[in-house]
There are 2 protein chains.
Amino acid sequence: MADNGRVPTNSKTATPAPARRRELLATAAEVFAAQGYNATTVRRIADEAGLLAGSLYYHFDSKESMLDEILSAFLDELWAGYDAVLAAGRGPRETLEALVTESFREIDRHRPAVAIYQKESRHLAAQPRFAYLAESQRKFEKLWLGTLERGVAGGDFRADLDVRLTYRFVRDTVWVAASWYRPGGRHRPEEIARQYLSMVLDGIAVRT
Amino acid sequence: MADNGRVPTNSKTATPAPARRRELLATAAEVFAAQGYNATTVRRIADEAGLLAGSLYYHFDSKESMLDEILSAFLDELWAGYDAVLAAGRGPRETLEALVTESFREIDRHRPAVAIYQKESRHLAAQPRFAYLAESQRKFEKLWLGTLERGVAGGDFRADLDVRLTYRFVRDTVWVAASWYRPGGRHRPEEIARQYLSMVLDGIAVRT
DNA sequence: CTCCTTCCCTAACAAGTGTTAGGTAGGTTA
DNA sequence: TAACCTACCTAACACTTGTTAGGGAAGGAG
């Protein structure tokens, strides 16, 4: 498990069955993603999971710690994937392709978490508990911006585009896919990545 | 608070002064955009506006009606702009360019409203009061999808891309710009639109 | 002067919020 | 058998939420 610098809050007594934990976290993530974190009541989560509100506190310290666990688990896995991509030491264009593909795979696996991250990370990052969100964002920017800049320097990418704007466009378009992507739908994540890369690399206009 | 030469209205209207109304709506939109609608308390809005919570109810029926007014005002102006673009009767590529440019102009003018729309529209559209959000979304899809399909049929756009996927990418990337765009920043909306169009039409890869 | 409108405040309400202390059925272990 | 642990429920707590009724200061109109 990759570490993002945060201590996992593992309180209570002897830990409850991790299987049930993951189950509850999955439904919580689903509700958080659908309704928003603040709009979601802990009673609603319990209702969806088939138990009563108070019973959730046998498994978790608080509503916030559920959110925390959902987001950090996602980020840990995301960065594990990214680090593997970087370790391959490919050129800028291939790295970008691999990063995009990896991102869509993560959306496929952590769709609710990505949706929550997308909606809430900005104002969560202000809280000390979620400081790792801000740190992750910085690493994220460094990674993608660096890849784009290497590509421009190496002649792979156009030099007449504002790299920072391009970075934002690329980043956002990848992640907002979580808002409409449905696992098991018509498109596999790799196919979505392929189409997206084709569009962003070569454009949608017919070449004359 | 960027606009309007403020008029010290002494108009004897039965309803409260519309100038004050707009002022309060502007700060409400700002807070909604920053914290999310549900996470925003009516006391926080009042605090930001320099009055007490109860006093807001002299101007508005409810917290929800503030949100309603913010969103519908934005959508009215947005569609006025889009209709003007369509009335020009241009070809697919020029229409797409005009639509994108117009969208970034709307982000410039209604940034908080766009950010709120982006975050909340999905689960708001279920409520009957906000049914117009769903309707607007349908019109939106018809408009953009139609433009893309005409472009493919006319040979302006590539035929080997999934039109529906392309539509989603284009749509999302335009609107999420509201999350990082700051009016008065380095980039004018027209410049952002130009860069974005260049990227999406011709791609970021160097042509070989 | 008095009347009236505009705009805000005071002070509370009822409903809903996250959370907790203590209890309990059922299975596992000794 | 008894002791123990897991996973849940019951029933409430303290607090925050959106909202409202009534009052009052300021200022123009008669």
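Just so it is clear: chains get the letters A, B, ... in the order the sequence lines come, proteins before strands, and each one is counted from 1.
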ask   = Are more than 12 heavy atoms from other residues, nucleotides or ligands located less than 6.0 Å from atom CZ of B/Arg186?
value = no

ask   = Expressed in angstrom and rounded to an integer, what is the separation of A/Leu52 atom CG from D/dA11 atom P?
value = 11 Å

task = If a pair satisfies side chain to side chain donor-acceptor pair (under 3.5 Å) and one of its residues is in residues 115-126 of chain A, list it, with sequence neighbours excluded.
result = A/Glu120-A/His123

note = Taken to the nearest whole Å, CG/B/Asp47 to C1'/D/dT17 is 16 Å

inquiry  = Taking only side-chain N and O atoms of B/Arg20, does any of them lie within less than 4.0 angstrom of OP1 or OP2 on C/dC8?
reply    = yes

note = Closest non-hydrogen contact found for A/Ser62 with A/Tyr57 is CA-CE2, 3.8 Å

message = If you apply the rule side-chain contact (heavy atoms from CB on, under 4.5 Å), what do you find for B/Phe157 with B/Val163, and how did you get there?
response = CA-CA 10 Å; B/Phe157 303 140; B/Val163 188; over 6 Å; no

request  = State whether a side-chain donor-acceptor pair under 3.5 Å links A/Arg158 with B/Ser198.
outcome  = yes

request  = Enumerate, in order of first residue number, the stems that involve DNA chain C, defined as 3 or more consecutive Watson-Crick or G-U wobble pairs with both distances under 3.5 Å.
outcome  = C:1-30 with D:1-30

Shortest non-hydrogen contact between A/Thr27 and A/Leu24, atoms and distance = OG1-O, 3.0 Å

request  = Round to a whole Å and report the spacing from CD1 of B/Ile45 to C1' of C/dC8.
outcome  = 17 Å

B/Gln137-B/Glu141 side chain donor-acceptor pair, cut-off 3.5 Å = no

task = With A/Phe169 as reference, evaluate B/Phe169, B/Tyr196, B/Trp175 under the ring-ring contact (aromatic ring centres under 6.0 Å, His included) test and give the passing residue.
result = B/Tyr196

request  = State which residues pass ring pair (Phe, Tyr, Trp, His ring centres under 6.0 Å) with B/Trp79; sequence neighbours excluded, sorted by chain then number.
outcome  = B/Tyr82

query = For A/Tyr181, which residues count as a side chain to side chain donor-acceptor pair (under 3.5 Å) partner, sequence neighbours excluded?
reply = A/Asp108

note = Readout for nucleotides 18-26 of chain D: B = base within 4.0 Å of protein heavy atom, S = sugar-phosphate only, - = neither; 5' to 3' it is BBB------

query = Quick one: is D/dC8 close enough that its OP1 or OP2 comes under 4.0 Å of any side-chain N or O from A/Tyr58?
reply = no

request  = For DNA chain D, find the residues of residues 28-36 of chain A with a heavy-atom distance under 4.0 Å and give them by number; none if there aren't any.
outcome  = none

Side chain proximity check, B/Glu106 to B/Pro189, heavy atoms < 4.5 angstrom = no

request  = Would you please confirm or rule out a distance under 4.0 Å between OP1 or OP2 of C/dC8 and any side-chain N or O of B/His59?
outcome  = yes

inquiry  = Rounded to whole Å, please give me the gap between CG in B/Leu56 and P in C/dC7.
reply    = 14 Å

